[in-house]
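Take a look at the structure below.
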Amino acid sequence: MIRTKIKSALSASQSGETIKVCGWVRTRRDSKSGFSFVELNDGSCMANLQVVIDQSVPDYEAMIKDVTTGASVAINGKVHESPGKNQRIELHAESFHVYGTADPETYPLQKKRHSFEFLREIAHLRPRTNTFGAITRVRNEAATSIHRFFQSRGFVYIQTPIITTSDCEGAGEMFQVTTLDLKRLAQVQTEIDFSQDFFGKPASLTVSGQLEAEIFATSIGECYTFGPTFRAENSNTSRHLAEFWMVEPEMPFYDLEDNMALAESFVRTVVGDVLENCSEDMEFFNKRIDKTTLETLRNITDNEFIRISYTEAIKIIKASGKKFDFPIEWGSDMQSEHERFLTEEHFKQPVIVYGYPRTIKPFYMRCNDDGKTVCAMDVLVPGVGEIIGGSQREERYDVLVDRMKEGGLNPDEYWWYTDLRKYGTVPHSGFGLGFERLIQLITSMTNIRDCIPFPRTPKNAEF
RNA sequence: UCCUCGAUAGCUCAAUUGGUAGAGCGAGCGGCUGUUAACCGCUAGGUUGUAGGUUCGAGUCCUACUCGAGGAGCCA
């Protein structure tokens, strides 16, 4: 018999139907009058299927003791309307089979609440919990929604390299990639000769696919990357990972205005898709994780984002009269506390800040005519802070090269990047979105380590 | 990397001024029950993160280290 997923059983199966379901036992409640209730989950949805196994079912006495929390089972039975209050239907078993037992003495997941810190230590089992099942399904929906968003607008999905030899954009410390025998080199203590290394020169894991995406934006048109990126920063916060997934669209003939419009539409569309297609999981987050989750997200889908210039933002912060740990002046970068003030207290909704001072932004951002600011923009959201950083790119060859030198970079090492300005340059723009931060925003999970299946952070790469 | 806090039973936490460890949940067993965070009773389960030090005596005080959490910086 073909297996019916619990999601479709709960939504579509009718009384009298005979079906087969498979999954993992969440709990079992015995009745000494001769039957057991089993809550079965197969990951297809949040809800469990209640299965009733009567003592008349073959091998009941011998096998029911193995049907414990965590055990995997297959059950054939008939669908009945449930007399109980918490479910529409239930399954009355006619036969059942235990694939694998789960010793209750040692199985780490108990039918009680666990701390997220503890669950991180058992990342191989945490997807079997309600919370992480929901996060996984939401993450999947967000990922497919991102592809839909761009594909429906004619964007081309580009796969940029993960290993790179360009020390690009100084976006952070990079992880070195090498096949050299470090153990032996450490013993002989000689100067390292990278010409002997796999690529003939130092190589690293990418910190961004942006520069490569620009190549395709200036040839094939609107495009985007969606892949893993790596930062070897010793960051120990609830918003940083050493390995995270980034979405980076890049568009020719877009100015900063077009860029901001796309970014806003992008966030609102993906959030809207998750609300619509993961309603059961989202109800869970709203009930169990943060009671303002749905309100915050609907605020995002239903209202236009606030757009203010950096200069205006500084004025608002200074005029607020609020005490901050760090004073702010025009020209200094905004601290977390300032960004949070804007999006969480002052406007209470997403804010796009644009036109930052050139001195605090990287070389590839287009200089404005005032000579002081660049065409940069950040999207700030309540709870998470900066979720998107983007800019109109500097398309003028001379200005770009000057900016590189200003930042202490050698233009020769970026010859292919500057070539894009030398041959058929066009105005273009793009932005980067941290995928896990988007998941943080959507699920209200406070720690980003719970928004990716296997988090990599300083001193932790288990699993 | 910096600041603050923490590490005690499988999990979540207690333990006065230093006097050799308790509860709830979970688990096992028994009872009860169309149950659903089930309920009632009994039982088992601990070199108190690691390594030193002070003391007659350390979960408790001191030092170092490891790991974790919150915040900051860096950023996405």
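Numbered from 1 within each chain, the chains take letters A, B, ... in sequence-line order.
- In this structure, A:His147 and A:Tyr157 have perpendicular ring planes: the angle between them is above 60°, well past the 30° mark.
- B:rU12 sits 23 Å from B:rU66 when the C1' atoms are compared, rounded to a whole Å.
- Ring centroid separation for the pair A:Phe155 and A:Phe149 does not come in under the 6.0 Å cut-off.
- At the phosphate of B:rA37, OP1 or OP2 sits under 4.0 Å from a side-chain N or O atom of A:Asn86.
- For A:His240, taking side-chain heavy atoms from C-beta onward, the closest of the listed nucleotides B:rA27, B:rU35, B:rC74 is B:rC74.
- No hydrogens or angles were tested; on distance alone, a donor-acceptor pair under 3.5 Å links the side chain of A:Gln50 to the base of B:rU35.
- When distances run from any side-chain atom of A:Gln110 to the nucleotides B:rG26, B:rC75, B:rU36, the shortest one goes to B:rG26.
- In this structure, NE2 on A:His338 lies 5.0 Å from CZ on A:Phe324, to the nearest 0.5 angstrom.
- Using a 5.5 Å limit on the distance between ring centres and a 30° limit on the angle between planes, the aromatic ring of A:Phe244 counts as stacked on the six-membered base ring of B:rA76.
- Nucleic acid contact class of A:Ile387 (heavy atoms, under 4.0 Å, all strands): sugar-phosphate only.
- The phosphate of B:rC74 (OP1 or OP2) has no side-chain N or O of A:Ser235 nearer than 4.0 angstrom.
- Between A:Asn236 and B:rA72 there is no side-chain polar atom (N or O) within less than 4.0 angstrom of OP1 or OP2.
- Counting only heavy atoms from C-beta on, A:Ser336 has its side chain closest to B:rA72 among B:rA72, B:rG28, B:rU35.
- When heavy atoms are screened at a 4.0 angstrom cut-off, A:Asn447 is found touching the sugar-phosphate backbone but no base atom.
- Counting non-hydrogen atoms under 4.0 angstrom, A:Glu90 reaches a base of the nucleic acid.
- Scanning atom types as modelled, no donor and acceptor separated by under 3.5 angstrom connect the side chain of A:Arg29 and the base of B:rC39.
- At the heavy-atom level, A:His92 lies under 4.0 Å from base atoms of the strands shown.
- Using a 4.0 Å heavy-atom distance criterion, A:Thr229 is classed as making no nucleic acid contact.
- Within the structure, no pair that satisfies the ring-ring contact (aromatic ring centres under 6.0 Å, His included) test touches residues 40-79 of chain A, not counting sequence neighbours.
- Across all strands shown, A:Ser238 has heavy atoms under 4.0 Å from sugar-phosphate atoms exclusively, and none from any base.
- Distance from the side chain of A:Gln335 is smallest to B:rA72 among B:rA72, B:rG34, B:rG68.
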| field | RNA chain B base-pair string [pairs: Watson-Crick or G-U under 3.5 Å; |: paired with another strand] | value | (((((((..((((.....[..)))).(((((.......))))).....(((((..]....))))))))))))....
